[in-house]
**Student:** 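Have a look at this one before I ask anything.
Values in this document were obtained by computation on a predicted structure and should not be read as measured data.
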Amino acid sequence: MYMTAYSSSSSMLLRATRTKLISSSLSRTFLSSPPPRPTASYRSLAFSSSAAAAFRSSSVAARWSHWRSPLSLRSQIRAAAPVLERFHRKLATAAGENPFKGNLTSLPKPGGGEFGKYYSLPSLKDPRIDRLPYSIRILLESALRNCDNFQVTKEDVEKIIDWENTAVKQVEIPFKPARVLLQDFTGVPAVVDLACMRDAMNRLGSDSNKINPLVPVDLVIDHSVQVDVTRSENAVQANMELEFKRNKERFAFLKWGSTAFRNMLVVPPGSGIVHQVNLEYLGRVVFNNEGLLYPDSVVGTDSHTTMIDGLGVAGWGVGGIEAEAAMLGQPMSMVLPGVVGFKLSGKLRNGVTATDLVLTVTQMLRKHGVVGKFVEFYGDGMGELSLADRATIANMSPEYGATMGFFPVDHVTLQYLKLTGRSDETVAMIEAYLRANKMFVDYNEPQQDRAYSSYLELNLDDVEPCISGPKRPHDRVPLKEMKSDWRACLDNKVGFKGFAIPKEAQGKVAKFNFHGQPAELKHGSVVIAAITSCTNTSNPSVMLGAGLVAKKAHDLGLQVRHQ
């Protein structure tokens, strides 16, 4: 948001009154261009003694403890403004520059000129960086670039560099993601909040155009879509027409938001599931922000935001409040995570799908224990996994409990970027930057050992066709054991793998009428069969395979029993 997120005085004002009212004079103070950033000595947002005394002596202070209308408070707020302005100026004079500005390095183009400048990790000349996992290097670059000795300090940078020692101590660090991803369920309230702030600015006589996100925000409308029409050639068109009728008011509001706010992109309904749109179109991999290069990273309001980790973009899901704070430019406070190194070797056998692989990986990681940790994949088997297969594994991070399952950028990633329409110059810039900043993996070159908190290994040749369930995604069952496992579930005591159905009742059939037709259900009947999970819908090979299976079944005479 245009309100400077690192302004202590603006944070103090929001704490002082829940009405969030800002007079025109305060608007000029808090909503102007960002002041120089305060130093670490003002990291706690406390008043200086003189400012606090002056504020306590004001008659306004006592009245800010309860709700008042905008008109009744306007004059009081204006009366307090000079005190707050003096405090704001005092913080501004204490501001400092990025202590690592000397590490800002030019990235030359092969034919002359430069792609831009970047904060160089190699220029720190610290051998510990070479052992850091690639996912931790992204956190380090963010801290280096955003270091102001106020929100992000030199001590925070040192904590990340010393990750091998500090991660085990559960230390906290600030992290500023490069962008925010919203789906419409949580995106609408965020846009409503911005709209209300603009409305308040208008009522107070200030410029409402100053209210904007500080970081790029992508809002994808997808979670409102429902299926009313199926098994017909015009199903997509018919469903979209119904969708627009149902959500006309909401869609109109979001369309307004797409033009009213700078730094906000709204992807219209019917474009695809949010994670697929993020993967194919929104993921930058490397940002070029007016000549400043830095890695793409994202927090989203959906737990499966982690799918973008398959593209080498660090991302994970957060709540709506955290997402709005990131929009304001506030750093996220996070525990410096441990990183599980997951080595892949070999190649998947014919007939084994990404779904089989991800169920195997999920079972291994759940058993290992990765809650609150990063999982980073590496090894010779990486070259045998398509980007879609990587995204499928990354997408399942919430199921195996990790913050994210990260796949560093390599040649497979670059090839995917070209296939999805990124220009040759953009891809060349991405590769040049990541190589220069030691964030690119080239498996054609000797690999330097990296430090991980713990290690796992999987030979892709060992993965076999399987299913999961009947309840939990990590209850993996080899396909050849499906029938015997299901019968065992009927016998087992009630639990995740049991229903405790008496032997004499296991053949029971329930008969009923459905839409005037006789129908029956028994244990094991398939009531609903659909591919809806983003784990499947985001992988073309899995989707095509499902379609071919359905077609073959139909050709052999399998029919939908009830509609």
**Student:** So among Ile161, Asp156, Asp126, which one has a side chain to side chain contact (heavy atoms under 4.5 Å, CB included) with Leu140?
**Tutor:** Ile161

**Student:** Enumerate, atom names and distances included, each donor-acceptor pair closer than 3.5 Å involving a side-chain atom of residues 456-470, sequence neighbours excluded.
**Tutor:**
from   : atom 1 : to     : atom 2 : distance (Å)
Asn459 : OD1    : Asp461 : N      : 2.9
Asp461 : OD1    : Lys347 : N      : 3.3

**Student:** Within 45° of the ring axis of Tyr400 and under 6.0 Å from its six-membered ring centre, is that where the NZ or CZ of Arg366 lies?
**Tutor:** no

**Student:** Quick one: salt bridge (charged side-chain N to carboxylate O under 4.0 Å, His left out) pairs with a partner in residues 379-395, sequence neighbours left out?
**Tutor:** Arg390-Asp410

**Student:** Report yes if the distance between the aromatic ring centroids of Tyr378 and Tyr452 is under 6.0 Å, otherwise no.
**Tutor:** yes

**Student:** Decide side-chain hydrogen bond (donor to acceptor under 3.5 Å, both in side chains) for Lys176 and Gln330; before the verdict, give the C-alpha distance in whole Å, the side-chain angles of both, and the deciding distance to 0.1 Å.
**Tutor:** CA-CA 7 Å; Lys176 284 192 171 186; Gln330 291 279 5; over 6 Å; no

**Student:** Flag the pair Arg450 and Glu164 as a salt bridge only when some basic side-chain nitrogen lies within less than 4.0 angstrom of an acidic carboxylate oxygen.
**Tutor:** no

**Student:** Is the closest side-chain donor-acceptor distance between Thr362 and Glu399 under 3.5 Å?
**Tutor:** no

**Student:** Walk me through whether Arg179 and Asn278 qualify under side-chain hydrogen bond (donor to acceptor under 3.5 Å, both in side chains).
**Tutor:** CA-CA 11 Å; Arg179 59 188 176 95; Asn278 189 28; 3.0 Å; yes

**Student:** Return yes if some donor-acceptor pair links the side-chain N/O of Arg137 with the main-chain N/O of Leu132 below 3.5 Å, else return no.
**Tutor:** yes

**Student:** Parallel, tilted or perpendicular: which describes the rings of Phe407 and Phe377, with under 30° parallel and over 60° perpendicular?
**Tutor:** parallel

**Student:** Might you point out which heavy atoms bring Ala178 and Val215 nearest each other, and give the distance in Å?
**Tutor:** O-CB, 3.8 Å

